[in-house]
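Numbers for residues simply follow the sequence, beginning at 1.
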Amino acid sequence: MFQDFLSSARKQFAYYKLLGEQAMMQVPDDQLFWQPNAASNSMAAIVKHMWGNMLSRWTDFLTTDGEKPWRDREAEFDNDLQTCAALLQRWEAGWQCLFAALDTLTEADGQRIIYIRNQGHTIMEAINRQLAHYPYHVGQLVFIGKLLVGDAWQSLSIPRGNSAAFNAEKFAQGPHQAHFTDEVLGR
């Protein structure tokens with residue numbers, strides 16, 4: 001059962017990674033660093049925060065607290081990345097850390113307790129916590145992307161006005177077992 005959950009979670013993480021990438025690809029490189037005001041984050045700062053969180057949570061996932069002493073969370077929100085390449089390097093490094101940690105898990109780890117800021121979580125709870133956190137930030141990336149690109153934005157889900165056609169296509173397939181990300185991720 002845990003392996004089924006883990007497979008589903010991995011697909012969902014991959015799906016949100018893809019959405020974030022698709023959002024960033026639509027934005028001109030220089031606009032990745034734009035922030036609407038001092039209280040808001042740029043796309044680059046959001047990526048930097050996700051990177052810091054991922055490295056902290058998933059490095060030595062089973063053996064050390066998820067809030068590492070070396071993490072500087074406050075600095076993650078500094079809008080100081082200079083290039084798109086630096087931004088994408090951090091994006092990939094964070095996701096790689098997450099996927100590498102997930103790949104080590106076994107059925108026996110399902111009920112194991114790990115800690116985040118000294119608060120105990122089962123592995124499933126810790127994964128669910130991050131499955132809520134990362135899509136929250138990917139949604140921010142999408143929203144900022146839409147603001148920056150305007151009418152040129154290419155929808156990352158069902159475009160407005162296409163719901164009926166999308167549903168008709170899905171219901172024409174008949175009932176079947178599939179993960180909602182399979183078509184998007186090509187699995």
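- In this structure, the side chains of F2 and I123 come closer than 4.5 Å at one or more pairs of heavy atoms.
- No continuous path of ILVMFWY side-chain contacts below 4.5 Å connects M54 to W51, so the two sit in separate hydrophobic clusters.
- In this view, A75 and D72, D78 satisfy the side chain to side chain contact (heavy atoms under 4.5 Å, CB included) rule, not counting sequence neighbours.
- Note: F77 CZ to S40 OG = 12.0 Å, rounded to the nearest 0.5 Å.
- Inter-residue side-chain proximity for E107 and L6 is flagged as unmet; no heavy-atom pair is nearer than 4.5 Å.
- Applying the 6.0 Å contact sphere to CD of Q173 captures more than 12 heavy atoms from other residues, nucleotides or ligands.
- A heavy-atom distance below 4.5 Å is found between the side chains of L62 and L105.
- With 3.5 Å as the limit, one finds a donor-acceptor pair spanning the side chains of S8 and Q12.
- Atom CE in M50 sits 9.0 Å away from atom CG in L98 (nearest 0.5 Å).
- Side-chain contact check for N41 versus K48: every heavy-atom pair is 4.5 Å or farther apart.
- Cluster membership check: F166 does not share its hydrophobic cluster with Y15, using side-chain heavy-atom separations under 4.5 Å among Ile, Leu, Val, Met, Phe, Trp and Tyr.
- A salt bridge does not link K68 to D60: none of the charged nitrogens lies less than 4.0 Å from a carboxylate oxygen.
- Here the side chains of W95 and F13 are in contact, with some heavy-atom distance below 4.5 Å.
- The structure places SG of C84 at 6.5 Å from CZ of F33, a figure rounded to the nearest 0.5 Å.
- By the 6.0 Å contact criterion, CZ on F5 is enclosed, its count of non-hydrogen atoms from other residues, nucleotides or ligands being greater than 12.
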Given side-chain contact (heavy atoms from CB on, under 4.5 Å), test I46 with I144 step by step and report yes or no. CA-CA 11 Å; I46 293 167; I144 294 170; 3.7 Å; yes
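- In the hydrophobic cluster analysis, where Ile, Leu, Val, Met, Phe, Trp and Tyr join through side-chain heavy atoms closer than 4.5 angstrom, L19 is grouped apart from I158.
- Annotation: F180, atom CZ; neighbour count of heavy atoms from other residues, nucleotides and ligands within 6.0 Å is above 12.
- Judged as a side chain to side chain contact (heavy atoms under 4.5 Å, CB included), and not counting sequence neighbours, the contacts of A178 are H176, D182.
- Here the straight-line distance linking atom CE of M43 with atom CG of L81 works out to 13.0 Å at 0.5 Å rounding.
- Note that the CG atom of D4 and the NE2 atom of H179 stand 10.5 Å from one another [nearest 0.5 Å].
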Anything under 3.5 Å between a donor and an acceptor, one on a side chain of residues 124-135, the other on a protein residue two or more places apart or in another chain? List them.
| from | atom 1 | to | atom 2 | distance (Å) |
| --- | --- | --- | --- | --- |
| E125 | OE1 | T122 | N | 2.8 |
| N128 | ND2 | M124 | O | 3.4 |
| R129 | NH1 | H121 | NE2 | 3.0 |
| Q130 | NE2 | N53 | OD1 | 2.8 |
| Q130 | NE2 | Y134 | OH | 2.9 |
| H133 | NE2 | H49 | NE2 | 3.3 |
| H133 | NE2 | H137 | NE2 | 3.0 |
| Y134 | OH | N53 | OD1 | 2.7 |
| Y134 | OH | W58 | NE1 | 3.1 |

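- For the pair V47 and L141, the minimum side-chain heavy-atom distance is below 4.5 Å.
- Pairs engaging residues 16-32 under the side chain to side chain donor-acceptor pair (under 3.5 Å) rule: K17-E21, K17-E92, E21-W91 [sequence neighbours left out].
- Residues L55 and A93 share a closest heavy-atom pair of CD2-O, 4.0 Å.
- Residues forming a side chain to side chain contact (heavy atoms under 4.5 Å, CB included) with E67 (at least two apart in sequence, or on another chain): S56, R57, D65, R71, R117.
- The stretch residues 151-171 participates, sequence neighbours left out, in these side chain to side chain donor-acceptor pair (under 3.5 Å) pairs: K170-E183.
- In this structure the side chain of T59 never reaches within 4.5 angstrom of the side chain of T64, judged on heavy atoms.
- Taken to the nearest 0.5 Å, the OG1 atom of T63 stands 13.0 Å off from the OH atom of Y115.
- The shortest heavy-atom contact between L87 and A44 is CD1-CA, 3.4 Å.
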